[in-house]
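Within every chain, numbering begins at 1; the chains are lettered A, B, ... in the order of the sequence lines, protein sequences first and strands thereafter.
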Amino acid sequence: MSLRVSVAASAIGCAIGIPVGALVAIARFPGRAVVVVVLNALMGLPAVVVGLVVYLALSRSGPLGHLGLLFTPGAMIVAQTVLVTPLVAALTRQIVEDADGELGEQLRAMGLSTLQRARTLVFDVRFSLAVAVLAAFGRAIAEVGAVLVVGGNIAGHTRTMTTAISLETQKGDLPLALALGFVLLAIVIVVNAAAAALRSHAARRYG
Amino acid sequence: MLPILIKGLTLLAGGRAVLDDFTAEIATRGITAIIGPNGAGKSTLLRALDGLVRPGRGTIAFGPGGRSPAPRRAFVFQKTALIRASVVRNVALAVEAEPISAAERAARVAAALERVGLAARAQDAARRLSGGEQQRVAFARAWARRPDLLLLDEPTASLDPAATEEIERLVVALRDAGTKILLVSHNLGQVARLAEDAVVLASGKVAEHGPVDRILKHPASEAARAYLKGELPWMSFAGVS
Ligand SMILES: Nc1ncnc2c1ncn2[C@@H]1O[C@H](COP(=O)(O)OP(=O)(O)O)[C@@H](O)[C@H]1O
Ligand SMILES: [Mg+2]
């Protein structure tokens with residue numbers, strides 16, 4: 001459950017966050033500085049607040065209430081996507097902007113449009129972006145506040161590893177909570193090791 | 001599409017005039033050198049000519065009477081900007097925005113790689129190449145664009161003599177193919193070998209513009225004399241003057 005929700009949320013977060021971050025990085029438009037500040041601020045959104053806002057939106061009287069998503073895995077995906085998308089967008093913005101400083105003028109001299117430049121730069125920094133994506137996944141899978149509020153921690157339905165851990169801790173079943181904690185930790189470590197391996201492979205292969 | 005008519009070009013940056021009422025008429029053919037001390041505004045001039053920076057005042061016009069459309073351009077920067085991808089993919093970027101078929105794009109890229117002697121390295125990672133090879137990737141990009149005007153910003157500044165010679169051969173080949181070339185270089189031996197005329201730039205202004213031989217041997221302006229005097233030890237070493 002944890003994995004599926006967090007993978008789905010990270011995938012959606014990347015599909016939105018990477019293009020948005022890349023365009024904010026290289027496009028010049030009025031209000032851009034404000035967008036950058038807002039993105040960076042959203043990156044640090046408290047999970048519980050996101051959960052609350054998504055809860056209100058999805059609750060029966062909320063604007064998206066008719067979807068009937070509340071206390072379903074769908075609601076957890078929505079909440080984690082809201083959590084993760086700004087993180088991906090802000091990190092992408094920073095990474096692509098740095099690459100643009102190095103390559104941007106050459107790309108413009110070759111007549112590439114804003115979209116073509118965004119695509120080229122995202123491709124250039126693909127290995128650094130993979131790390132950003134994993135950071136997003138890490139945030140999604142490790143957080144408990146948002147999924148608890150909108151998912152409800154229903155056994156076998158919306159219970160995730162993190163919500164199970166907090167529940168078992170409250171019930172006093174510390175060994176079970178700890179065991180779950182170790183599994184979660186292992187997942188995060190494996191994911192990060194994969195990221196490190198990818199990066200060093202990329203550095204050797206492409207310089 | 002040429003000559004280039006530059007009138008009153010003025011560009012402010014960091015609170016001062018990087019280009020200051022720069023005015024020159026640059027001939028239709030051959031290689032024109034842009035020389036002058038660091039910070040004189042040479043790179044900025046090339047960037048303005050390529051439309052990468054917008055001047056605050058002044059005009060750049062092309063063709064007799066300044067009525068032609070802007071020529072097809074290519075720019076080789078001092079530091080080659082390569083993406084983390086193969087050589088061929090890096091060169092393909094140069095024609096990505098061209099309104100031609102995919103087949104013609106591929107053909108142009110292949111011909112350009114052949115021209116600079118990198119056909120066998122096409123699949124190698126571009127950033128892993130030596131400095132001289134990386135600069136040849138930059139020239140392959142330029143070649144693939146079939147430019148009428150080529151802007152070269154210190155294209156051999158960080159290369160060893162052998163690599164410099166290869167790049168100079170490519171510059172001559174491009175000129176012989178009919179491309180007008182503006183060459184920024186501190187290598188006065190190179191300027192003497194390649195260019196017909198030279199513009200001496202000092203503090204964003206034209207100090208002097210004339211035939212290379214005459215300017216190198218008998219500079220008329222104080223700015224050109226001062227610049228050349230600083231470079232003299234190098235020149236005699238290169239067997240010029
Ligand atoms: N965008 C900019 N902002 C501030 N200063 C700039 C900018 N572009 C160029 N300059 C300054 O203008 C001067 C001329 O730069 P440049 O054209 O690179 O000179 P050159 O190529 O002749 O060495 C330098 O002092 C440089 O610091
Ligand atoms: Mg320069």
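- By the 4.0 Å N-to-carboxylate-O rule, E96(B) lies too far from R108(B) to be salt-bridged with it.
- The existence of a salt bridge linking R105(B) and E98(B) is excluded, since no basic side-chain nitrogen approaches an acidic carboxylate oxygen closer than 4.0 Å.
- With a threshold of 4.5 angstrom between heavy atoms, L121(A) does not approach chain B through any atom at all.
- With salt bridges taken as basic N to acidic carboxylate O contacts below 4.0 Å, one links E97(A) and R93(A).
- In this structure, chain A has no heavy atom under 4.5 Å from any part of L151(B).
- Separation of atoms CD1 (I18(A)) and CG (L23(A)) is listed at 12.0 Å; rounding is to 0.5 Å.
- Interface remark: of the candidates D50(B), V76(B), L93(B), L93(B) forms the most heavy-atom pairs closer than 4.5 Å to chain A.
- R119(A) touches chain B through its side chain: at least one heavy atom from C-beta onward sits under 4.5 Å away, while N, CA, C and O do not.
- Across A74(B), A85(B), G51(B), the residue that shares the most heavy-atom pairs under 4.5 angstrom with chain A is A85(B).
- Look at R117(A) and E105(A) and you find no salt bridge, because none of the NZ, NE, NH1 or NH2 atoms lies under 4.0 Å from a carboxylate O.
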